[in-house]
Amino acid sequence: MAQQPHPSENVDTPQGLAFAVTAYLLWGFLPLYMKTIAHIPPVEVVAHRVIWSVPVAGLLLIALGRTRDLKAALRNPKMLGMACLTAALISINWAIFVWAIANDHALDAALGYYINPLFSIALGAILLRERLTKVQLAAVLLAALGVLVLVLEAGQIPWAALGMMVTWGFYAFFKKSLPIGPNQGFLLEVLILLLPALAYVLWLGAGGGGHFGAPTMDTALLIGAGVVTAVPLLIYANGAKLLRLSTIGILQYIAPTMIFLTAIFVFGEALDRGRMIAFPMIWSALVIYSVPLVRQMRARV
């Protein structure tokens with residue numbers, strides 16, 4: 001009988017693969033859910049994503065018996081300050097995503113996720129002085145040229161795509177500096193956002209402008225927004241510990257590919273000339289970036 005790898009070993013496990021693929025598939029289907037609440041303002045949707053994520057993440061942490069780290073983090077001003085920064089970044093990222101889906105910019109959301117790994121490489125080079133290989137540099141430059149094509153063809157900057165790229169890129173960058181487990185870190189972030197989220201929802205309700213509370217489908221969908229937010233993140237967080245970083249790097253293209261296909265074939269968004277040129281350039285950049293990772297994976301098998 002084969003011995004199961006220890007979670008700390010740098011190997012891929014079947015459980016990790018199942019967790020990660022499940023999380024990316026759920027993220028890929030997320031635009032379909034968000035389209036059902038497209039008539040609700042993005043800030044209100046994000047507030048409910050925060051509020052209803054708290055019980056999901058909290059119950060999981062209690063079940064796992066890992067509340068001690070969370071209590072320690074709440075008493076650590078430095079860790080709390082870093083968590084406030086990551087919480088702000090993820091909430092902005094969520095708001096841009098919700099707005100993009102509601103306003104027929106799902107292709108921009110896919111674009112943002114596609115170029116994010118290359119943006120992370122650039123961040124490492126600029127902020128951490130990590131040396132880029134020639135292959136990485138070529139991939140980053142090709143993706144940047146793809147974005148430039150979009151700007152020149154459309155005559156405007158794809159703000160939604162770049163906003164998602166920047167907020168998620170910096171979120172991941174600062175998240176690495178948060179010395180706490182992924183499940184505890186997520187709960188800490190939504191707890192930090194909980195008070196402003198509750199205050200906003202109560203203010204909306206008092207003014208009669210909210211969509212929550214009445215026995216309508218909107219109320220159920222807003223509660224569900226927390227579930228569809230927390231569950232994939234928590235599944236991913238546990239899967240990431242059981243996979244190599246290179247494997248995660250390849251699997252992360254599942255979600256934007258699903259979003260891209262949904263935008264075209266379900267939402268009917270136009271694939272104009274600029275996108276027809278830019279997307280293949282960015283996909284080529286991702287292939288250039290991914291091939292060495294695949295070779296590394298095969299060499300370690």
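Just so you know, these numbers come straight off a predicted model, no measurement behind them.
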Consider only side-chain heavy atoms of I, L, V, M, F, W and Y, link residues closer than 4.5 Å, and tell whether [X] and [Y] are in one cluster.
X      : Y      : result
Leu32  : Ile259 : yes
Val147 : Met281 : no
Trp94  : Val43  : no
Leu204 : Val45  : no
Leu191 : Tyr171 : yes

Nearest heavy-atom neighbours spanning [X] and [Y]:
X      : Y      : value
Ala143 : Leu118 : CB-CD1, 3.4 Å
Ala57  : Leu234 : CA-CD1, 4.0 Å
Glu44  : Phe212 : OE2-N, 4.1 Å
Asn183 : Arg66  : ND2-NH1, 3.8 Å
Gly163 : Ile96  : C-CD1, 3.7 Å
Tyr200 : Ala47  : CD2-CB, 4.2 Å

Does the side chain of [Y] come within less than 4.5 Å of [X]'s, by heavy atoms?
X      : Y      : value
Arg275 : Leu150 : yes
Tyr253 : Met258 : no
Asp218 : His39  : yes
Leu251 : Leu17  : yes
Val201 : His48  : yes
Phe267 : Pro31  : yes
Phe119 : Phe173 : no
Gln184 : Leu188 : no

From Asn76 atom CG to Asp69 atom CG, the distance as rounded to the nearest 0.5 Å: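 The distance works out to 11.5 Å.
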Nearest-0.5 Å distance, CD1 of residue Ile90 to CG of residue Leu233: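 Spacing of CD1 (Ile90) from CG (Leu233) equals 6.5 Å.
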Geometric class of the Phe170/Phe174 ring pair [parallel <30°, tilted 30-60°, perpendicular >60°]: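 It falls in the parallel class, under 30°.
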Note: Lys175-Glu189 ion pair, threshold 4.0 Å (strictly below):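 Yes, Lys175 and Glu189 are salt-bridged.
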Near-ring test Trp27/Tyr24, centroid separation under 6.0 angstrom: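 Judged by ring-centre distance (under 6.0 Å), Tyr24 and Trp27 do meet the cut-off.
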Residue from Ile223, Val227, Val228, Thr229 passing side-chain contact (heavy atoms from CB on, under 4.5 Å) with Trp52: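 That would be Ile223; it is the only one of Ile223, Val227, Val228, Thr229 passing the side-chain contact (heavy atoms from CB on, under 4.5 Å) with Trp52.
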With Phe260 via ring pair (Phe, Tyr, Trp, His ring centres under 6.0 Å) - residues at least two apart: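 Applying ring pair (Phe, Tyr, Trp, His ring centres under 6.0 Å) to Phe260 gives Phe279, Trp283.
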Tyr114 and Thr257: side chain donor to acceptor below 3.5 Å: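 Checked: Tyr114/Thr257 side chains pair up, N/O donor to acceptor below 3.5 Å.
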